[in-house]
> 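Below you will find the structure I want to go over with you.
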Amino acid sequence: KIVIGGERGGGYICLGAMVMLAEAGEGHLVKLAIPTIPMTDDYCFSDPLVMTIEERKSHSAMRKVWRDLIASDFEAQKSSPYLFPGKASEELLAKFPPTIILESEFDLFITEATRLAGRLRRAGRLLEFVVIPGATHVSAYIPGFKGHEIFCQVLKKIADEYIHS
């Protein structure tokens, strides 16, 4: 079995692979999936007044990313889990590999990742949902920045408890 994961856009690709594996009935081939600060759904298209400051600052840019860079036909694809993995059905989520979602407290994807974590928990596929306190979208990855040391400790714990066990 293998472990798959990715950070930011790579987290989105990891989730897309999870959708495809689940649809093919092959989610069991993956020992662990670790989407980290992943883009999951169309939350950026909702009302900015209900968003966190970080989400509000980026929602316009993210709308353009989805419409202009990722989707080939946004209107036709907007309900598809291939475009928005967070829109996978409950039945499909139940076929996902065991999953740990890593997030940062002040990340622009915190709300959508939290919602997906809840859905995966209900489907019995979420092992952990870890939020790095005080970290922003990229600060946990940069040595010396807020959350980096905690992020590294979390990765080591995941390796020890879920990968090497």
Side-chain angles (χ1 to χ4, degrees), residues 1-22 26-44 46 50-59 61-62 65-66 70 81-88 90 92-165:
K1 290 189 174 187
I2 63 169
V3 175
I4 61 173
E7 301 164 353
R8 301 182 296 276
Y12 171 67
I13 292 169
C14 177
L15 286 170
M18 292 164 67
V19 168
M20 295 175 76
L21 286 164
E26 296 178 343
H28 66 280
L29 298 175
V30 174
K31 181 175 185 172
L32 178 64
I34 313 170
T36 304
I37 56 174
M39 302 161 28
T40 70
D41 63 41
D42 59 356
Y43 181 70
C44 66
S46 64
V50 300
M51 296 178 180
T52 67
I53 291 169
E54 295 77 19
E55 293 163 342
R56 199 173 314 124
K57 285 180 182 177
S58 65
H59 83 280
M62 287 309 303
V65 166
W66 288 117
I70 298 176
Y82 290 121
L83 181 60
F84 295 119
K87 291 189 174 190
E90 304 304 320
L92 198 58
L93 290 175
K95 297 176 184 176
F96 271 32
T99 304
I100 296 174
I101 297 177
L102 301 179
E103 252 300 349
S104 295
E105 181 179 6
F106 300 109
D107 183 47
L108 61 146
F109 303 124
I110 187 71
T111 300
E112 55 193 83
T114 301
R115 294 187 319 186
L116 179 60
R119 294 185 67 223
L120 285 168
R121 180 174 286 117
R122 285 187 296 280
R125 306 313 298 155
L126 186 72
L127 299 174
E128 304 274 350
F129 178 53
V130 180
V131 178
I132 307 300
T136 63
H137 187 62
V138 295
S139 68
Y141 305 101
I142 304 169
F145 278 69
K146 189 124 184 149
H148 177 71
E149 187 174 317
I150 294 170
F151 180 71
C152 290
Q153 291 169 359
V154 167
L155 290 178
K156 182 178 182 339
K157 185 173 182 174
I158 289 169
D160 291 344
E161 291 186 21
Y162 294 101
I163 298 172
H164 300 299
S165 62

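These figures come from a predicted structure and were not determined experimentally.
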> If I compare all heavy atoms of G5 with all of C14, which pair ends up nearest, and what's the gap?
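Heavy atoms only, the tightest pair is CA-SG, 3.7 Å.
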> Between CD1 of I37 and CZ of F151, what distance do you get to the nearest 0.5 Å?
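Those atoms lie 7.5 Å apart.
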> Looking at every non-hydrogen atom in both residues, tell me the closest pair between L92 and A88 and how far apart they are.
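What the structure gives for the nearest pair is CD2-CB, 4.0 Å.
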> Return the set of residues passing ring pair (Phe, Tyr, Trp, His ring centres under 6.0 Å) with F96 (not counting sequence neighbours), or none when no residue passes.
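F96 satisfies ring pair (Phe, Tyr, Trp, His ring centres under 6.0 Å) with no other residue.
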> For E149, is the CD atom crowded, meaning more than 12 foreign heavy atoms sit under 6.0 Å from it?
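Open: at most 12 neighbouring heavy atoms sit under 6.0 Å from CD of E149.
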> Return the CD1 to CG distance between I158 and L127, rounded to the nearest 0.5 Å.
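Here the interatomic distance stands at 9.5 Å.
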> Do M39 and W66 have side chains that approach each other closer than 4.5 Å (heavy atoms only, starting at C-beta)?
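Yes, their side chains come closer than 4.5 Å.
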> Checking E128 now: which residues fulfil side chain to side chain donor-acceptor pair (under 3.5 Å) with it, not counting sequence neighbours?
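Per chain and number, E128 pairs via side chain to side chain donor-acceptor pair (under 3.5 Å) with Y162.
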> Could you give the distance from CD1 (I150) to NE2 (H148), rounded to the nearest 0.5 Å?
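Here the rounded value is 11.0 Å.
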> With the side chain counted from C-beta on, respond yes when E54 and I110 share a heavy-atom pair under 4.5 Å apart, and no when they do not.
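E54 does not reach I110 side chain to side chain.
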> Any heavy-atom pair between the side chains of I132 and L102 that's under 4.5 Å?
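No. Closest side-chain heavy atoms not under 4.5 Å.
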> Any pair with a residue in residues 104-129 that passes ring-ring contact (aromatic ring centres under 6.0 Å, His included), sequence neighbours left out, goes on the list, sorted by first then second residue, please.
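Checked against ring-ring contact (aromatic ring centres under 6.0 Å, His included) - neighbours excluded - the pairs reaching residues 104-129 are F109-H137.
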> What residue pairs, at least two apart or across chains, pass side chain to side chain donor-acceptor pair (under 3.5 Å) with a residue in residues 7-19?
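Checked against side chain to side chain donor-acceptor pair (under 3.5 Å) - neighbours excluded - no pair reaches residues 7-19.
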> Using modelled atom types only, decide if a donor and an acceptor are shared between the side chain of R56 and the backbone of M51 within a distance under 3.5 Å.
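Yes: the side chain of R56 pairs with the backbone of M51.
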> Residues two or more places apart in sequence or in another chain: which of them pass side-chain contact (heavy atoms from CB on, under 4.5 Å) with P38?
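P38 satisfies side-chain contact (heavy atoms from CB on, under 4.5 Å) with L15, P35, T40, I101, E103, A113 once adjacent residues are dropped.
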> Can you confirm whether more than 12 heavy atoms, excluding those of I53, are under 6.0 Å from its CD1 atom?
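12 or below, so no.
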> What residues form a side chain to side chain donor-acceptor pair (under 3.5 Å) with T136, not counting sequence neighbours?
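Residues passing side chain to side chain donor-acceptor pair (under 3.5 Å) with T136: S139.
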> Who pairs with E161 by salt bridge (charged side-chain N to carboxylate O under 4.0 Å, His left out), at least two apart in sequence or on another chain?
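Listed in chain order: K157.
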> Does a sphere of radius 6.0 Å around OH in Y141 hold more than 12 heavy atoms from other residues, nucleotides or ligands, not counting ones at 6.0 Å or beyond?
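Yes, OH of Y141 has more than 12 neighbouring heavy atoms, counting only those of other groups under 6.0 Å.
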> Restricting to non-hydrogen atoms, name the atom on L108 and the atom on S58 that form the minimum distance, rounded to 0.1 Å.
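Heavy atoms of L108 and S58 come nearest at CD1-OG, 3.2 Å.
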> Of all heavy-atom pairs between V30 and L21, which one has the smallest distance, and what is that distance?
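Scanning both residues, the minimum pair turns out to be CG2-CD1, 3.5 Å.
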> Kindly check if the number of other-residue, nucleotide or ligand heavy atoms within 6.0 Å of NZ (K146) is above 12?
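No - once you tally the heavy atoms of other residues, nucleotides and ligands closer than 6.0 Å, there are 12 at most.
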> Among all residues two or more places apart in sequence or in another chain, which pass the side-chain contact (heavy atoms from CB on, under 4.5 Å) test with H28?
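Once residues adjacent in sequence are excluded, H28 has no partner under the side-chain contact (heavy atoms from CB on, under 4.5 Å) criterion.
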> L29: which residues meet the side-chain contact (heavy atoms from CB on, under 4.5 Å) condition with it, sequence neighbours left out?
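side-chain contact (heavy atoms from CB on, under 4.5 Å) check on L29 returns E26.
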> I need the minimum non-hydrogen distance between P97 and R125, along with the two atoms involved.
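Closest approach of P97 to R125, heavy atoms only: C-NH2, 3.7 Å.
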> Could you list the residues that satisfy side chain to side chain donor-acceptor pair (under 3.5 Å) with K156, not counting sequence neighbours?
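With neighbours one apart ignored, the set is D160.
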> Hey, are the side chains of I4 and M18 touching, using non-hydrogen atoms and a 4.5 Å cut-off?
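Yes, at least one pair of side-chain atoms sits under 4.5 Å.
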> Does anything in residues 114-123 pair up under side chain to side chain donor-acceptor pair (under 3.5 Å), and if so which pairs, sequence neighbours excluded?
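Listed once each, the pairs are D41-R115, E90-R119.
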> For the backbone of T111 and the side chain of E55, can you confirm whether one donor and one acceptor N or O come within less than 3.5 Å of each other?
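Judged by distance alone, yes, a pair lies under 3.5 Å.
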> State the CD1-CD1 distance between I163 and I100, to the nearest 0.5 angstrom.
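Result: 7.5 Å between the selected atoms.
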> Residues two or more places apart in sequence or in another chain: which of them pass side chain to side chain donor-acceptor pair (under 3.5 Å) with K95?
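Partners of K95 by the side chain to side chain donor-acceptor pair (under 3.5 Å) criterion come out as none, since no residue qualifies.
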